[in-house]
> 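Questions regarding the structure given below will be posed in turn.
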Amino acid sequence: MLANLGGEWVRFQQALLDSEAMLKKNKERFKSSLIVSAEEFKRKMHGVVDDFHESALEQVSALRSQLETLKEEELTIRHGLAIFKIEQPPSKEVHKMEEDLDLLQQVWQIRQEWEDHWEEWKVGQLVALETESMESTAQHMFKKLHKLSRELKDKNWEIIGSSKKRIDQFKKTIPLIADLRNPAMRDRHWEQIKAEVQHSFDQAGSDFTLEKIVALGMHLHAEKISEISGAASKELSIEQSLEDIAAAWEETVLDIAPYKDKGHHRLRGTEEVFQALEDNQVTLSTMKASRFVRAFEKEVDRWERCLSLVLEVIEMILTVQRQWMYLENIFLGEDIRKQLPRETTEFDKINSSWKTIMDRLNKDNNALRGTHYPGLLEKLTDMNNRLEEIQKSLDMYLETKRQIFPRFYFLSNDDLLEILGQARNPEAVQPHLKKCFDNIKSLRISKMGISSKSEANGMFSSDGEFVDFTHTVLLEGPVEAWLCDIEHTMRFTLKDCLRNCRMGLRKMTGKRDKWVRDWPGQMLITASQIQWTTDVTKSLMVGKERADKTALKSMKKKQVSMLRRYSEAIRGNLSKILRLKIVALVTVEVHNRDVIDKLAKAGCCDVSSFDWLSQLRLYWDKDVDDCIIRQTNTRFLYGYEYLGNSGRLVITPLTDRCYMTLTTALHLNRGGSPKGPAGTGKTETVKDLGKAMGMYVIVVNCSEGLDFKSIHGSGSVQHSPSLLNRTALTHSCFLPRQTGAWGCFDEFNRINIEVLSVVAQQILSILSALAAGATNFTFEGRDIRLVWSCGIFITMNPGYAGRTELPDNLKSMFRPISMVVPDSTLIAEITLFGEGFNNCKMTTKKVFTLYSLAVQQLSKQDHYDFGLRALTSLPTSPFTPASARQRRRCGRRPSCLPPPSACPPGPPPNPSPSV
């Protein structure tokens, strides 16, 4: 028995395992059966509830019928009891039940109405649903139920809560429906929704109804779907913007217009295209900054590249067109084509290519298509490079012309090319002469006999004065060559004229009124200065030999007598040119009178006296047969630049000291630097010193925007800062160095300090070459001709806003001179005398007092000017033939002076007198 115990134990364990497996199998079957039964029960309950819902109103109606029967029965009973005078109160239960039935009927009517709407909506396609109507209906029913729920809160009817819950759930579905019906939704957005709900569906199919939306459980993902729909709306705005850009560039055209009458075209206006480019590029940049651009990144990048290419091509077209139009006018001239054959051939090729490009753009002027022609940008870039090479060759060609005739540095490239292009027509050069010479306005040109050759036999100034050349100049060959001949002839003629004028003065000392009519005004003043220097020198020598101080007094009497005759002549009936001559001559002679008076009062009897040596003295040196200018220990040759009758400055003692400083600076191979407030005559003093020495003075107005290249090439002869931007002025500083002219840089300390540092090195190289006596020197890597008489002057207004302190190395190159408040009384007196007034001192006091009171008491506005310029304009502004006749009758100016308003605030016709 013990032996069988092990086997029985094993069988028992196996029986347990089998029982467990069978139990587990039956448990699973029983569990599945219960789950199925539970589901079946739920369906049955739903069916029962639905049946109840369908029959609820019928049951309410049946109950109401029963209630009506009970009410009739109660009414009958009460009527019978009333016969026996037995009062029976109405049944509260009936009344209560009637109220409950009314409320119950309202609730179930609302429920039924909602079910009807739901049955209608759930089968409708998504695209056909009217969400606004659905939302308003749901909101209206929910409000009614909410009102009933507050009235029946003690009833605790489940139908009210369940109905409110269903409507509330539907209301939450409305935004989902609106998001799904968003017209901005694209296939990519539906794919995102399918991935979110993890179900596949056809959003365009007829079975995609509200019922299916709910069945898919989309309301559970409403937040994500709303995010997708919002992104779709943002992306739609980007999509529409891209479509607008595409539509705009389909209509944007280039404004191509005919150019001249040779079949060429040009791009005329680009404002609309550039405006469209700017707007669209800003729009694309805004798109790229948006986080919704991912779906359109390739399209946005493509449009950016397209618009960038449009911009580059149009800008390159304008660049090439500008150069082509400029050079096309140049290469029309046969002379230029012959002198630049290689460049002409190259330009003709570019001209042909340009015509092809513009003809194509004219046929199809759409901006997008036209600029995207294959290889157009590369072609235009190559043309631009070749045109730049032609321009460089042209500049080198012009530079060779300027090296031959340095005064061409005053002309812009356009003016110079116009001259070179019409070299065979001297008349075409006439308008540019005033830019090359100080006061040669035109030449008198005539034909040589029966030949077609032209020759110049004289020159006209701006004021109309004519000077005959000593010999005619043949106007043949290169224009720069015969202009050099004109310059040489001008100097030779003036030198010969001065020699003869001086001899004529010596013969006609007592008849100066006739002498002034026979010679040019510039030579009259110069010869008169030479004669005055000679006479004073003789008087000083005689006074020293005889110990007699009356020689200078005697000479002063002669000077006063001469001035009186000049004054009488001025009051006479003179021509315009003669009047300008005498007025300028009198202005200088009055200063000569004052010098004689000063020497006499100082008891000067020696030609080596500093009072005499400090004066600007002119001599005719027979050894060199030329006019020599001396002051202190300095010595200069007269420049013989034709100045015409441009007037002279009133010279005061301070002007003499300024002259002395500037001439000493020139003698020491340094520059001069007058400094002082505005209106003290700094620039005019430099100009008048140049006139006294026969020099060409070039005045340049400096500004903050001036760089070292402009300084290195300055030459604004017209005193206008706007001219500094002209291409010609980048070379014109070569003119003072190569022709011996003077350069005066006005308001020099307005230039930036960085530029001044570079300028200092440039000026140092020039002054060093002058000190070494070189005739050539290297400047900016180029070999430049240097004329010893060139001078550099700067004027400054220290202490003003925006003024720069000069570097020490630049200061050391210029001798400074301070210009103070002008002596207005002396200037007015000499100006009045020069205009023919006799009783000058008394009239001057009246004028000066009037203007002093005006400055102190009248308006301080800028357009009121009672300063030096207005003061000097007073005697000249009313100078008419009638007033001249009045002065001739009266012999003096009437004591009643015009009011200040009669005096123009601008500068007078003659240059403003200095201090």
Side-chain angles (χ1 to χ4, degrees), residues 182-189 191-192 227-259 264-325 353-385 387-388:
N182 188 349
M185 297 281 282
R186 300 291 184 264
D187 290 342
R188 61 180 180 275
H189 305 120
E191 293 299 326
Q192 294 177 29
E227 183 181 334
I228 294 172
S229 178
S233 298
K234 299 292 185 181
E235 292 175 7
L236 178 63
S237 66
I238 295 176
E239 182 179 348
Q240 290 174 342
S241 296
L242 288 172
E243 291 174 355
D244 291 342
I245 291 175
W249 285 101
E250 281 295 324
E251 300 175 358
T252 303
V253 296
L254 298 173
D255 186 8
I256 306 296
Y259 179 68
H264 286 290
H265 296 85
R266 69 182 181 93
L267 179 59
R268 182 167 53 187
T270 56
E271 292 81 4
E272 293 183 3
V273 178
F274 281 141
Q275 186 63 47
L277 279 170
E278 183 179 352
D279 294 344
N280 293 159
Q281 286 177 332
V282 170
T283 302
L284 292 172
S285 299
T286 306
M287 289 181 189
K288 293 197 76 172
S290 172
R291 61 189 180 91
F292 304 104
V293 76
R294 181 175 299 175
F296 306 99
E297 278 182 337
K298 292 183 179 179
E299 185 70 6
V300 171
D301 289 341
R302 184 184 73 83
W303 271 110
E304 277 195 327
R305 291 193 298 271
C306 286
L307 297 187
S308 178
L309 181 60
V310 170
L311 179 61
E312 287 184 40
V313 170
I314 291 179
E315 286 180 342
M316 189 55 68
I317 287 176
L318 291 174
T319 302
V320 172
Q321 176 174 279
R322 185 165 50 251
Q323 294 194 72
W324 172 80
M325 291 173 67
S353 300
W354 175 252
K355 187 176 186 304
T356 302
I357 291 172
M358 295 309 293
D359 286 345
R360 184 169 61 242
L361 288 176
N362 184 53
K363 291 178 182 177
D364 182 7
N365 63 351
N366 181 269
L368 188 63
R369 293 192 300 270
T371 54
H372 280 68
Y373 189 83
L376 178 59
L377 181 60
E378 292 76 11
K379 180 69 173 176
L380 288 170
T381 304
D382 178 63
M383 291 170 63
N384 182 52
N385 294 335
L387 286 170
E388 286 180 352

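Residues: numbered from 1 along the sequence shown.
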> May I ask you to test the Ile256-Met358 pair for a side-chain heavy-atom distance under 4.5 Å?
yes
> Taking only residues two or more places apart in sequence, or in another chain, which ones meet Asp279 in a side-chain hydrogen bond (donor to acceptor under 3.5 Å, both in side chains)?
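side-chain hydrogen bond (donor to acceptor under 3.5 Å, both in side chains) list for Asp279, sorted by chain: Gln275.
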> Walk me through it: do Leu254 and Ile314 pass the test side-chain contact (heavy atoms from CB on, under 4.5 Å)?
CA-CA 9 Å; Leu254 298 173; Ile314 291 179; 3.8 Å; yes
> Holding to side-chain contact (heavy atoms from CB on, under 4.5 Å), I want the full list of residues that pass it with Leu309, two or more places apart in sequence or in another chain.
Val313, His372, Leu377
> Of all residues at least two apart in sequence or in a different chain, which pass the salt bridge (charged side-chain N to carboxylate O under 4.0 Å, His left out) check with Asp382?
Arg386
> Please lay out, stage by stage, how Asp359 and His265 fare under the test side-chain contact (heavy atoms from CB on, under 4.5 Å).
CA-CA 7 Å; Asp359 286 345; His265 296 85; 3.3 Å; yes
> Do Val320 and Thr381 have side chains that get closer than 4.5 Å, going by heavy atoms?
no
> Would you indicate whether the side-chain heavy atoms of Trp354 and Leu380 approach each other to under 4.5 Å?
yes
> So do the side chains of Thr270 and Ile317 get within less than 4.5 Å of each other, counting heavy atoms only?
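In short, these two side chains do not touch, never coming nearer than 4.5 Å.
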> Taking side chain as C-beta onward, heavy atoms only, is Leu376 less than 4.5 Å from Met316?
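Side-chain contact under 4.5 Å: no.
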> Mind listing the side-chain donor-acceptor pairs of residues 296-307 below 3.5 Å, one per line with the distance, residues two or more places apart or on another chain?
unit_1, atom_1, unit_2, atom_2, d
Glu299, OE2, Arg302, NH2, 3.0
Glu299, OE2, Trp303, NE1, 3.2
Asp301, OD1, Lys288, NZ, 3.2
Glu304, OE1, Lys288, NZ, 3.4

> Could I get the full list of side-chain contact (heavy atoms from CB on, under 4.5 Å) partners for Asp364, not counting sequence neighbours?
Asn366, Arg369
> Roughly how far apart are Leu387 CG and Gln321 CD, rounded to 0.5 Å?
12.0 Å
> Would you say the side chain of Asn384 lies within less than 4.5 Å of the side chain of Gln323, judging by non-hydrogen atoms?
yes
> Among all residues two or more places apart in sequence or in another chain, which pass the ring-ring contact (aromatic ring centres under 6.0 Å, His included) test with His264?
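Scan of His264 (ring-ring contact (aromatic ring centres under 6.0 Å, His included), adjacent residues dropped) gives Trp324.
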> Kindly compute the distance separating CZ (Phe274) from CD (Gln281), expressed to the nearest 0.5 Å.
10.5 Å
> Under 3.5 Å, which donor-acceptor pairs do the side chains of residues 237-250 form with other protein atoms, sequence neighbours left out?
unit_1, atom_1, unit_2, atom_2, d
Ser237, OG, Lys234, O, 2.5
Ser241, OG, Ser237, O, 2.9
Trp249, NE1, Asn280, OD1, 2.7

> I'd like to check the side-chain hydrogen bond (donor to acceptor under 3.5 Å, both in side chains) partners of Arg268; sequence neighbours left out, ordered by chain and number.
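Only Asp255 meet the side-chain hydrogen bond (donor to acceptor under 3.5 Å, both in side chains) criterion with Arg268.
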> Among residues at least two apart in sequence or on other chains, which ones pass side-chain contact (heavy atoms from CB on, under 4.5 Å) with Thr356?
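In terms of side-chain contact (heavy atoms from CB on, under 4.5 Å), with neighbours along the sequence ignored, Thr356 is linked to Arg360.
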> Does Leu368 form a side-chain contact (heavy atoms from CB on, under 4.5 Å) with Thr252? I'd like the steps, not just the answer.
CA-CA 8 Å; Leu368 188 63; Thr252 303; over 6 Å; no
> With sequence neighbours excluded, tell me which residues meet side-chain contact (heavy atoms from CB on, under 4.5 Å) with Glu272.
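With neighbours one apart ignored, the set is empty.
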> Any chance you could lay out the side-chain contact (heavy atoms from CB on, under 4.5 Å) test for Tyr373 and Ile357, step after step, and finish with the verdict?
CA-CA 10 Å; Tyr373 189 83; Ile357 291 172; over 6 Å; no
